[in-house]
Amino acid sequence: MTSNREQPRRREGVIFLVLFALTIPAANWLIGHVGTACIANGPCVVPVAPGLMAPSGVMMVGVALVLRDLVQRRLGAAMSALAILCGTALSAMLAPPSLVLASGVAFLLSEFADLAVYTPLARRRLVLAVVASSIVGLVVDSIVFLWLAFGSLDFLLGQVVGKGWMVLLSVPFVAWLRRRDERVGMAPA
């Protein structure tokens, strides 16, 4: 029988896991269909700062990095690693044929880089862990994806800034979640 605190933790973990999984098809769809401009044989792009463009999928990737951290907080590192492997397969299956390798490899490497940074920091400093691990993950994702998909790092700064915005937007929620967990006595998995 699970304790009164484990059931809500697991329920929230499943919600974070489902949302994490949904970011993958959303990012792959956005990159080919939504933007202020769509480049021939390239991505659709959106502005992320004045004069700075990025492929439109960057927003979902930034969210995915934070959600992976929250999956680990609620369901544990093993479940998070399994989610990364499943997400990699899902990313490769849903990516346009020209982006399958780039999407799958970038997702795999960036999410495991995120996990490696998040895990040792999470118990002591949750917000710092989420921000630091997401920054590492978004840089890895940006470099690997752009190089494998387009053979160029032209959009690197835009990718980093776009994903960084999503991480920064998540900070108030993560801080609230940490405070609420402490208040109700909900320990991480």
From CE (Met79) to SG (Cys86), nearest 0.5 Å: 9.0 Å

Common cluster, Leu22/Met60, ILVMFWY with side-chain heavy-atom separation under 4.5 Å: no

Side chain proximity check, Trp147 to Val105, heavy atoms < 4.5 angstrom: no

Nearest non-hydrogen partners of Val131 and Val167, listed with the distance: CA-CG1, 4.2 Å

Minimum-distance pair of heavy atoms, taken over all atoms of Leu90 and Ala21: CD2-O, 3.7 Å

Shortest non-hydrogen contact from Val61 toward Ala27: CG2-CB, 4.3 Å

Worked verdict on Ser80 versus Arg68 for side-chain contact (heavy atoms from CB on, under 4.5 Å): CA-CA 7 Å; Ser80 182; Arg68 198 231 41 91; 2.4 Å; yes

Spacing of Ser170 atom OG and Leu70 atom CG [to the nearest 0.5 Å]: 7.5 Å

Gln159 and Phe145, any side-chain heavy atoms less than 4.5 Å apart: yes

Minimal non-hydrogen separation, Asp69 against Val130, with atom names: OD2-CA, 3.4 Å

Reported CD1-to-CG distance for the pair Ile135 and Leu168, which is rounded to 0.5 angstrom: 7.5 Å

Leu109 and Asp141, any side-chain heavy atoms less than 4.5 Å apart: no

Aromatic ring proximity Tyr118/Phe112, centre distance under 6.0 Å: no

Audit row: Asp114, Ser134, side-chain contact (heavy atoms from CB on, under 4.5 Å) steps and yes/no: CA-CA 6 Å; Asp114 181 293; Ser134 295; 3.8 Å; yes

Any Met186 side-chain heavy atom under 4.5 Å of Arg74 side chain: yes

Cluster link Val66 to Val127, ILVMFWY, side chain under 4.5 Å: yes

4.5 Å side-chain heavy-atom contact, Thr36 and Pro47: yes

Those residues that, when tested against Arg179, pass side-chain contact (heavy atoms from CB on, under 4.5 Å) (two or more places apart): Ala175, Trp176

Min side-chain heavy-atom separation Thr119-Gln72 under 4.5 Å: yes

Main-chain N/O of Phe20 paired with Thr23 side-chain donor or acceptor, under 3.5 Å: yes

side-chain contact (heavy atoms from CB on, under 4.5 Å) between Val46 and Met53, intermediate numbers included: CA-CA 5 Å; Val46 294; Met53 304 294 279; 5.7 Å; no

Non-hydrogen atoms of Ala49 and Val161 that approach each other most closely: CB-CG1, 4.3 Å

Transitive ILVMFWY side-chain link Phe155 to Leu52, under 4.5 Å: yes

Glu111 vs Leu65, side-chain contact (heavy atoms from CB on, under 4.5 Å): CA-CA, chis, key distance, verdict: CA-CA 7 Å; Glu111 293 293 340; Leu65 291 163; 3.5 Å; yes

Exam field: side chain Ser110 to backbone Phe107, donor-acceptor pair closer than 3.5 Å: yes

Interatomic spacing from CD in Glu182 to CG in Leu126 - rounded to 0.5 Å: 9.0 Å

Carboxylate-amine/guanidinium proximity below 4.0 Å for Arg180 and Glu12: yes

Asp181 with Arg9: basic N within carboxylate O range, under 4.0 Å: no

Residue pair Leu153 / Ile143: nearest heavy atoms and the distance that separates them: CD2-O, 3.7 Å

Same cluster (ILVMFWY, side-chain, under 4.5 Å), Val171 and Val58: yes

Side-chain donor or acceptor of Trp165 paired with backbone N/O of Val48 under 3.5 Å: yes

Phe150 reachable from Val34 in the ILVMFWY side-chain graph, under 4.5 Å edges: no

Inter-residue atom distance Arg178.CZ - Arg73.CZ, 0.5 Å rounding: 8.5 Å

